[in-house]
Structures are given as C-alpha cells and as structure tokens.
K.L.:
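So that we are looking at the same thing, I have put the structure below in structure tokens.
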Amino acid sequence: MTENKMATVKKGITEPSRLLSMDSFPSNEQVFNYKLYQDIFNQAVDGIIIFDEHGWILEVNPAFCNRTSYQREELLQMKIDGMVDEKFQYKIHKLLKILHKNGRARGELPVKLHNGEEKYFEFITTTHVEQHYYMSIMRDVTEKRYMEKQLAKSEQKFREVFENALDSIIIWEDNGRIVDANLAAARTFELPLYELIGTNLQRFTDTGKSDVSSIVKEFFDNGAIREELLFCMGNGQKKELEFTAKRGAIEGYNIAIFRNVSERKRMERDLRQNEQKFRKMFHGSLDGIVLWDEQKRVVDVNSAACNIFDQSIEELRGKKIWQFIHKNAFEELDSHWQTLDNSGEADGEILCVTMNNEEKIIEFSIKKDIMPGLYMTIIRDVTDKKQLQEQIRKSDTLQVVGQLAAGIAHEIRNPMTALKGFIQLLQDNINQENALYFDVITSELHRIETIITEFLVLAKPQAIRFEKYPVIKIVRETIDLLGAQALLEDVQFLPIFDYDLPPIYCESHQLKQVFINIIKNAIEAMKNGGFITIKVSRYDAGNILVSIKDEGEGIPPDRVKSLGEPFYTTKEKGTGLGLMVSYKIIKEHKGRIEVESELGSGTTFDIILPTVL
C-alpha cells in the first residue's frame, strides 16, 4: 500500500466492515459473514486492534478501549508504538519484522494507558494477506503477572527466611525422611547439609524410649506438637532441643522448627548461681542497698542500709522512700525524682532522718529499671566525712581571711591613720574659708573607714546558713557599698535588673563578698574611668545570671583559664585570694563562674546561680 493510500484508509475507515474484502454487491453469505464478524469484534471480551504494515491503528474494539481508558477516536490517530513506552519500542519493531516475515506473531507487550499507568497484554497477531492489514487479539494479563511477581517474591522471602533463619528448620515426610533443611539445622545436627538431607529423623532419636513413641503418636493424632526432647547428633553429641512440628504444612510435607535449649538450660543454672552470688554481695556490701518499686515502696534492703536507718529489714520493707527524708529536703528530693525520670539515674547528697530522729547526710546513687519496674539505690552515710570537710573548710577560710585582713590593714589602714593624723594637725590652721573642704575630707575619710570595717566584718569566719534571699537586694547593697570608691576612680555603675526573679538559696554575706571582689577588680582595671554594667536576669528555667562587665584593658585568653587558682593574680601587688575565695563560694552555692575577656574591650564575669524551685 502506498503512503497516499494508507493515509486515505487511515482517514476513511470508521467501521470494521470497511476492512472486509467484499464486492460492490455482496451476496447473502457475505452479509452474514460481515454481521458475524461485527458481532465478534464488538462483543469480544479481549481487546482487538487492527493496524497496517506501518503500525497505524485502523480499528479497535470497545473492550480494548475500556482496558486502556482511550477513546476510539484517540486510538485511530495513533500508531501502535505510541501506546508503548520508549524503552519498549524495540518490541514493536520486532513484532512488525516477524509479521512481515511470517505473517503471524505472539508475545507480551507493556501498554501505556491513557492515565499514564502501565498494563501488560498478551497478544496474538495475524495478517490479512490480501490487504496487508494485521489484527491483534490483546488479552489483559496484568493481574496474572502481578500475582506471578507476588508469588515469586513470596517464594524468595520464604527461601530467604528458610535459609537465613537462626532456628533449625527441617521439612520431612511421614516416614521421617528429610527432604529439605537449612544451614542452621546442619549446624544443630552436626552434619553437612548434603548428608542431612535424605537422612531419616529416627537416626537422631531413641525410638525405643516411651517418651519418643508418645510424642510421635501425639503428632500423628493431632497434626501438630510442641515439645522438648534429647537428640543424639551426627557426631555423637547429645543436645536437648525444643521443637514445634506441623503435619502437611508445605505441599503435603511436614515441617519442624528446632531450637537448641541446652545453652538456655545452662544459662538457667548459671542464673541461679549468679543470683546466689548477688545475694551474697547484696547482704555483704559495706554500702547500703535499697531496692524499691515504681510506687516508691521499699522491696528489699541489705543489713548496711538497716544500720544506717536504725531499723530492721522487716520494718523497712513496704515503707515509702520519702519517709526517710528530712522535711527540709523535700524540695531537693523532688528535683532528684525529676532527674531520675529524665535520665534514668540520679546521684547526690540529701539530709535523712533515722528511726531515732538522728539527722544524717546520705550520699546516694539511683539506677532506674535494673529490672522492669525495679529501682536500686546505693547509699552511704557521709555525715562524719562532711563534718571533717567543714572543719577543713573553716580552717582554710580562717587562713585565707587572715591573710586578706592583714593585707587590708597594711595597705589601707596605715595610710588612713597618716591622713587622719595630718588632717587633725592642720585643723587649727584651717581658716573659715576652707572649713567646708575640711569637713568634707573628714566625712569621706570616716566613710572609707566604715566601709573597711564592714568589709572586715564580712571576711570574718562564720557559720554558713543558707536561706531564701533575693539576689537583686545583695547586688544593690554591694553597689551602695562600693559607690564611693567608684566615684573616686571616675567609674559609674550601670545597673540593669529584671525584677521578676525568684529567690535563691544562699548565704547573703558570702555572695556579697563575691560581688565586692569582682566589682573592685573591675574598678581597678579601668584606669581611665568608664561604666561597669551590672545585669541581673534569668539565665534559664532554673538559674539566675549576675553579669558584671567592665571597660578595662581586658585579660589575655591564655590567662583567663587560670583565674581562681590559689595565689594567681593579674595585678602586680595582688595576692590572688579574692577570686580564689569567690570561685569557692559560688561552687558551694552549686553555681559557676564564666569569664569572657577581650584585650582592649574589657572583661565580663557571668555568675550563674540556681533558683529556688
């Protein structure tokens, strides 16, 4: 057929009758054949396509339109390769070649639907030799191919599970002959896989024993069984195996899954031995051990814990944990509960009270869920240790404060005495005109002496008593105390306070000593005057920040990390005691000091202190 003729046919054919070879005046037989063809074409369940030797679609039946979601008019404007993705175009070319050569072809073709999806069609194509037309009967096999793929995947998954299973799997006949097994079974039965397959299961059991016979009978009676039995392996080794068997589970064959429980039995024995060892360690430990449940109820205690709380095991069992805590430590206990819930463990120290109302400081470490729903607390009485540390701390404080007080007396009071003496000598020679200046000098000298006296009072060793106190008040008192010195050095304070702050647990005099030390250092660092910014704000949900920033020369980075070490100082005549004491006080308040400094831009001391929850 020429291209022009093909185009004419392409445009003109709208009915399958136009493709029939008939005379101008058809006979009754031809009419009958035409109607029969038309009915078959339109009513066929399978799709039918008629196309020419160039691949142009000349006619399609309704079944094919329905399966591809194309309209008939759309398909009549297409070539058959237009329904196939580019990567499968070679199949169309191959089909046409076979048709041209043999006049017949069959195969499978992935057809691209109108909505972009893809379906698989199995086709049989024949040729109309006279008019060079081809007819393909297209059967939708998408669901079949999908099921075949799913079946292949299932078989592959089964094979992967079968071959890679940690448990031994054996497939066998009713007479006991093994028809298949996995590698785990070969390892369990101590035989190569090729030798295991074909062997009879009876080889590994003593069929003469009554328990074996009863198990076999139960299996064939019920069709399934779960048991434990002693097996003799291929190398003579005996193993106790737990197994589950089901009759006719796979294509009429029986399946059995084996698991070696010899190790489990050994572990059970070891567990019992370990439990005995734990019990010996539990009751023989020098530290107290308390086991308690999720209701915070004591489950068990050892003798060391009994000694700490002055109660017997029977008296302690069933009691709530909070019953041993001093009433003043309940808020601290709540904080430890929260830490335990968040991280699974908690440690620290807390004040407890014994049956005899004796107060003890207990060091503890808690572990959550050592077993499901069970907590373990290891406790140690550190009351004597704390008393010794307090004595050492007081001794250290006395020594440091003694050196500090001696420095103050030497550095300040001696010049003050000389000044006061000379002022008194000049008093009689002061004329009325300069009397006002004399009074101002005398007043300021008296104020300086008062400040020194107050500072010395702060430096005296005293009992530490923590109480709730607003940190802003302490800062204000410090600013008022150092205001005169700042004025003399041409330094101004720039306070920035966030007044909506909770109080803190502190020893106010000690914190005031810290602020005095840091602010005095800031004043001395500003030779040319300037501003000291003192900011009090919230650091985070549980802490307050006191930030002291000066405009001095700054501290080199390599020297910042040494601040707070004993006798380390950046000043020519300093002793280094001020910052050492300050760091120690803040640490005792469960806070920390962070320092940022840049040469030429000043230094910032950030003091972070915990709030009262």
K.L.:
Is it true that a side-chain atom of S262 and a backbone atom of E240 form a donor plus acceptor pair closer than 3.5 Å?
P.N.:
yes
K.L.:
Considering only heavy atoms from C-beta outward, does the side chain of C352 approach that of I379 to under 4.5 Å?
P.N.:
no
K.L.:
Would the number of heavy atoms belonging to other residues, nucleotides or ligands and lying under 6.0 Å from CZ of F330 be above 12?
P.N.:
yes
K.L.:
Within the side chain of E507, is there an N or O that forms a donor-acceptor pair under 3.5 Å with the backbone of Q510?
P.N.:
yes
K.L.:
Please answer whether the main-chain N or O of M281 pairs with a side-chain N or O of S285 as donor and acceptor at a distance below 3.5 Å.
P.N.:
no
K.L.:
Looking at CG of D310 and CD of E315, how far apart are the two atoms once the value is rounded to the nearest 0.5 Å?
P.N.:
10.0 Å
K.L.:
Ignoring hydrogens and angles, state whether a donor on the side chain of T383 or D381 is under 3.5 Å from an acceptor on the partner side chain.
P.N.:
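Checked: T383/D381 side chains pair up, N/O donor to acceptor below 3.5 Å.
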K.L.:
Which value, rounded to the nearest 0.5 Å, describes the distance between D550 atom CG and I534 atom CD1?
P.N.:
10.5 Å
K.L.:
Got a sec, which residues hit side-chain hydrogen bond (donor to acceptor under 3.5 Å, both in side chains) with D498, two or more places apart in sequence or on another chain?
P.N.:
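Residues passing side-chain hydrogen bond (donor to acceptor under 3.5 Å, both in side chains) with D498: none at all.
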K.L.:
To the nearest 0.5 Å, what is the distance between CD1 (I362) and CZ (F309)?
P.N.:
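The distance works out to 5.5 Å.
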K.L.:
Students often mix this up, so state it plainly: with edges at 30° and 60°, are the rings of Y375 and W292 parallel, tilted or perpendicular?
P.N.:
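Y375 and W292: parallel rings.
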K.L.:
When you measure from the side chain of T377 to the backbone of I366, do you find a donor-acceptor pair of N or O atoms at a distance under 3.5 Å?
P.N.:
no
K.L.:
E596 and K549: side-chain contact (heavy atoms from CB on, under 4.5 Å), yes or no, with the steps?
P.N.:
CA-CA 9 Å; E596 291 185 7; K549 177 177 174 57; over 6 Å; no
K.L.:
Could you work out, with side-chain hydrogen bond (donor to acceptor under 3.5 Å, both in side chains) as the rule, every residue matching T533, not counting sequence neighbours?
P.N.:
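Per chain and number, T533 pairs via side-chain hydrogen bond (donor to acceptor under 3.5 Å, both in side chains) with no residue.
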K.L.:
Pick from V536, L545, T611: which one makes a side-chain contact (heavy atoms from CB on, under 4.5 Å) with V471?
P.N.:
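So, applying the side-chain contact (heavy atoms from CB on, under 4.5 Å) to V471 and each of V536, L545, T611, only V536 qualifies.
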K.L.:
Could you grab the distance from atom CD1 of I308 to atom CZ of F324, nearest 0.5 Å is fine?
P.N.:
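It comes to 11.0 Å.
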K.L.:
With a 6.0 Å cut-off (strictly less than), is the heavy-atom count around NZ of K320, excluding the residue itself, greater than 12?
P.N.:
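Yes, because the 6.0 Å sphere around NZ of K320 holds more than 12 heavy atoms from other groups.
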K.L.:
Would you compute the distance between atom NZ of K590 and atom CZ of F466 and round it to the nearest 0.5 angstrom?
P.N.:
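If we round to the nearest 0.5 Å, K590:NZ and F466:CZ are 8.5 Å apart.
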K.L.:
Would you check if E331 and Y505 make a side-chain contact, meaning some heavy-atom pair closer than 4.5 Å?
P.N.:
yes
K.L.:
Quick one: CD1 on I289 to CZ on R380, what's the gap to the nearest 0.5 Å?
P.N.:
11.0 Å
K.L.:
Considering residues at least two apart in sequence or located in another chain, which fulfil the side-chain hydrogen bond (donor to acceptor under 3.5 Å, both in side chains) criterion with K360?
P.N.:
none
K.L.:
What I want to check is whether the side chains of N356 and T354 have a donor and an acceptor closer together than 3.5 Å.
P.N.:
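No, no side-chain donor-acceptor pair sits under 3.5 Å.
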K.L.:
Is it the case that more than 12 heavy atoms not belonging to E553 sit under 6.0 Å from its CD atom?
P.N.:
no
K.L.:
Among M233, E228, E227, which residue satisfies the side-chain contact (heavy atoms from CB on, under 4.5 Å) criterion with L241?
P.N.:
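So, applying the side-chain contact (heavy atoms from CB on, under 4.5 Å) to L241 and each of M233, E228, E227, only M233 qualifies.
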